[in-house]
Amino acid sequence: MHNNANLIPFCLFLRKNTTLPLQGFFGEEVVTKLTIMEYRFSEIETRWKQYWEENKVYKVSNDSSKPKYYVLDMFPYPSGAGLHVGHPLGYIASDIYARYKRLNGFNVLHPMGYDAFGLPAEQYAIQTGVQPAISTAQNIARYRSQLDNLGFSFDWDREVQTSNPSYYKWTQWIFLQLFSHYYDTQADAARPISALEVHFSRHGSSNLNAAHNDFDAFTAEEWQEMNKAEKETILMNFRLAYRKVTYVNWCEALGTVLANDEVKDGVSERGGHPVEKKPMMQWSLRITAYAERLLNDLQTLDYSDAMKKMQSNWIGRSEGARMFFGVESSDVKLEIFTTRPDTLFGVTFMVLAPEHELVASLTTPEQESKVAEYLTYVQSRSERERMAEVKEVTGEFLGSFAVNPFNGKKIPIFIGEYVLKDYGTGAIMAVPSDDDRDNLFALKFGIEIIDVIDKSKYPGATRNDKLGVMINSEILDGMEVPDAIEFMLKEIENKGIGSRQVNYKLRDAIYSRQRYWGEPFPIIYDKEGIAIPLDEKDLPLELPVLENFQPASGAVSPLARAQDWVNLPNGDKRETDTMPGFAGSSWYFLRYMDPSNDQVFASDDALNYWKDVDLYVGGTEHAVGHLMYSRFWHKFLYDLGKVPTIEPYKKLINQGMIQGVVESVYLQKDKIQGKNRFISASLLKSEEEKGHHFTKIPVLVDYVTDYGNMTGSHLSEKGVQQFIKWRPEFASAIFVSEGGSIENGIFTPNKEDDSFQLITYSEVGKMSKSLYNVINPDDVVSKYGADCFRMYEMFLGPVEQAKPWDTKGIDGVNKFLRKVWHLFRDAEGNWLLNDKPASLEAFKVLHTAIKKIQDDITRFSFNTCISGFMIAVNDFQKMNCHHKEVLNPFLILLAPFAPFLSEELWQQAGNKGSIHQAVFPVFESKYLEESSIEYPVSINGKLRATLTFDANGGEAEIKEAVLQLEQIKKWTEGQTIVKIIVVPKRMINIVIK
RNA sequence: GCCGGAGUGGCGGAAUUGGUAGACGCGCUGGACUCAAAAUCCAGUAACAGCAAUGUUGUGCGGGUUCGAUUCCCGCCUCCGGUACCA
């Protein structure tokens, strides 16, 4: 609409018969003059972009006397699709905030980089053979130009890319630190593994305070006699990065293992492929050691309550008892975890996870075949099936009996799918009276149910609530549930059959991926299979270039093919798995502080100056993945004394997703005489009544004409032609609208005057290539300019809120920016700047705006902030006010290319130096002070009048004045005034009877 | 199921501490300028009744507290997000 090519003839036409003399029409001079008059954003933006780059306007120094402020965006994964309009939402918000802080005298670190390792680049390589390094570099270049188009104030000299060896050198380095440390549960900190070796050689495995996997106890003497391999095996159970056979989420389609947060609803988050549980030898990170700190320190953070809740649910702390049940005529002790020791007298059976290691030994000969059958059934089921049929209880009796340690009762032992191998001990005591699942199980297998809690005192309490009075429980009878829990915990410890235990849902993070495009592990295996860390001086261990990216068979990384790389001259072999996506992103914010340091990941000076991220902006989808991992790594680095703060991100804002509008046409599922048939959405109901079924086919929004006021869109005849061109498989389809149908491109109307309008179905959904609703910010920018795009995205609604992209309102913002431009230009396009002091009224408008903009930015409310800006400009325009005082740098926060400003105008207005050194204007309340204030006066809540009172009058004075007023006397005549409520500067209410 | 969040005009949304509900923008209606259109400017725009002044109703539904409730409390409904055999 406003690109230059169209503008010149348009302007000529515009002025043709109005103010210009006819002979000037085609003259050079007139054309030039006319074009100056328009707000030509692309010219302005290009000029500023160049200026910013040449002068490194946004370069930040680590050496400053100013206070620091760190504004961080979650860095993007540079996918082949490029940025869509949803991505910049958070970047725009954080950019406004960063600029605001800069104008307020802070030294602001506001960097950007790329999370460049990951699956899509590798999948692309598998399909096309293009090296991931090359496609990633191309994608990054595209992202960069898209970002540059939007006018962000990033310091690009600090850019990081996680796939760059100079970056992942330090990712590998941190891994080595995790490998060489264990978690001291007494000191509540990570400690060098060497300290543990000293302990072992003195005390063996007794008196240990260390987070660990299961291992067999040993004495100091035994330790000293162990060979290196045996010692390493023991130590592996303590390292914060350790290798172990674990039940992992194996995704066959992706050929790799996935972390818990990468699996959603039983399928992979990327690609939606099925996932199965499989025991595999994997590297893991002992994040569970930090569970308590990750949970407790949430309190110190300025995150939304929802975010904190999500994280604490994911950590899933529960308190209870770990205790042993004996098994009848056997030495086996069955260990269980329960949060309800109060219900011990209601236990009528035990359930083990099917994978539990005691299953075989507890199975009696007569039950053997049945158990085997059940195990086969369990193995045949995918994760997805298991999750889908939650209500269905399955299980099998093992034939053995456990013994209740409190009353000696015989309890049958079952296995069942609903008990999970990797939570608690993988075994439970089942109390059918007070647990829904146990109850279902008991009903299905006809097991006794003993009521142990009388809930009659608590109407509405469910089976799972910890409420009621104990019954049928011998020593506990008559106690309230919480007291009984406490009592039994003590009893269990007294009897020596168990102890208090805190359990977490959080699992250790699986850290191996059988993929190519990730950080190689700095680990070598010797002939005995002992994992040996690389020396720090040998980092980075660079990823070798591969020709073939196909996943290798047998759950091995494609890296195994790089024989030269894998096999070392002395016969040792390198680890061939790579690190997961979250490795590089767990610490990138630290690298920005000192991005090119090759001695340390960041210097102490840099770390001590920047400390932590003051404001972090990003999507909620990272709530339990990235955020948890990076908090964990940060705490670990803190334990090592490498970072000065216990938390990485002080304040977190989650921007909402920008969704797309998905327009679809209804396609009949069953073909009629071999032909596809599309119908208008308006006909859907009647067609369905005829017994037809339909499916939705997304159509390109460009083909869809908006009805304007009405909801819904439609395909015209032309739209159908375009649709067919784009989907040739539907060339011979029939398109049925209310007015008639199209077949083979020919429209047959029902009646003479009927037109063709195929109503589409529109809904809000993801912005995605496959739904043909992706909107590229570049297109919006070339049409309206970056300032307009940025302001419009902010104006759309609260940053935190999800909303569909809709260009309907963008004209309002565009109009506004042109208005601002014209505020400082005369009819000839010359600068318009009044030197005389502005009126008090203008100052009032200005300071109202300053206050509002300041308040709104502080509370991250950019939509209302822009409203305030708009009001001010409208007022200035009405006052015809072009005074220099009005020219304030707060404008460039919201529209950084500031079409209405320029360096020279800024200086003409009497300012020294560059506009980029401007400071945010100081709000002066004196301009808003009133000598008198208008009060709405209500009687019994009903608005009666607006009366003016002295602004300096106190409440008592106003009350007095109200009573003296003739009008009031008239209105309240014959009634008793109960009281007068004066809300200062707001309203007056008189209560009468 | 459980845990969060939200529900306000034709639409996006505002109301910061309980104080004139609907700011700002879109859309729509009318007007000015124009032979005309576009652009721009002005006015109107929650619903209902009325020529109007004005009145009545109104923030998902039902109740409550209060002089006064979009805001606080109790009970429902709907939508969105997270999570799910977690013992």
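Below, read A as the first sequence line, B as the second, and so on, with proteins coming before strands; counting in each chain starts at 1.
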Grab the N/O contacts between the protein and nucleotides 66-69 of chain B below 3.5 Å, and write none if there aren't any.
unit_1	atom_1	unit_2	atom_2	d
C67(B)	O2	N989(A)	ND2	2.2

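Stem regions annotated for RNA chain B: B:1-7 with B:77-83, B:10-12 with B:24-26, B:27-32 with B:40-45, B:46-49 with B:54-57, B:60-64 with B:72-76, counting only runs of 3 or more consecutive pairs of Watson-Crick or G-U type with both contacts under 3.5 Å.
Every residue two or more places apart in sequence or in another chain that forms a side-chain contact (heavy atoms from CB on, under 4.5 Å) with A353(A) is listed here: E355(A), V419(A), K421(A). Here D422(A) pairs with K277(A), L420(A), R507(A) under the side-chain contact (heavy atoms from CB on, under 4.5 Å) rule; sequence neighbours left out. By the side-chain contact (heavy atoms from CB on, under 4.5 Å) test, Q501(A) is found to be paired with R322(A), F337(A), residues two or more places apart in sequence or in another chain being considered. Residues satisfying the side-chain contact (heavy atoms from CB on, under 4.5 Å) test with I871(A), not counting sequence neighbours, are D875(A). Remark: E800(A) pairs with no residue by the salt bridge (charged side-chain N to carboxylate O under 4.0 Å, His left out) rule, at least two apart or across chains. Residues passing the side-chain hydrogen bond (donor to acceptor under 3.5 Å, both in side chains) test with D436(A) are R463(A), N464(A), sequence neighbours excluded.
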For residues 313-320 of chain A, please give each side-chain donor-acceptor pair under 3.5 Å, one per line with the distance, not counting sequence neighbours.
unit_1	atom_1	unit_2	atom_2	d
R317(A)	NE	E292(A)	OE1	3.1
R317(A)	NE	E292(A)	OE2	3.2
R317(A)	NH1	E319(A)	OE2	2.8
S318(A)	OG	Y423(A)	OH	3.1

Residues 621-628 of chain A side chain polar contacts: donor-acceptor under 3.5 Å, at least two apart:
unit_1	atom_1	unit_2	atom_2	d
H626(A)	ND1	S585(A)	O	3.3
H626(A)	NE2	Y616(A)	OH	2.7

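For residues 418-425 of chain A, proximity to RNA chain B is found at Y418(A), V419(A), L420(A), Y423(A), defined as any non-hydrogen atom under 4.0 angstrom from a strand atom.
Sorted by first and then second residue, the salt bridge (Lys or Arg N to Asp or Glu O under 4.0 Å) pairs involving residues 860-870 of chain A (not counting sequence neighbours) form an empty list.
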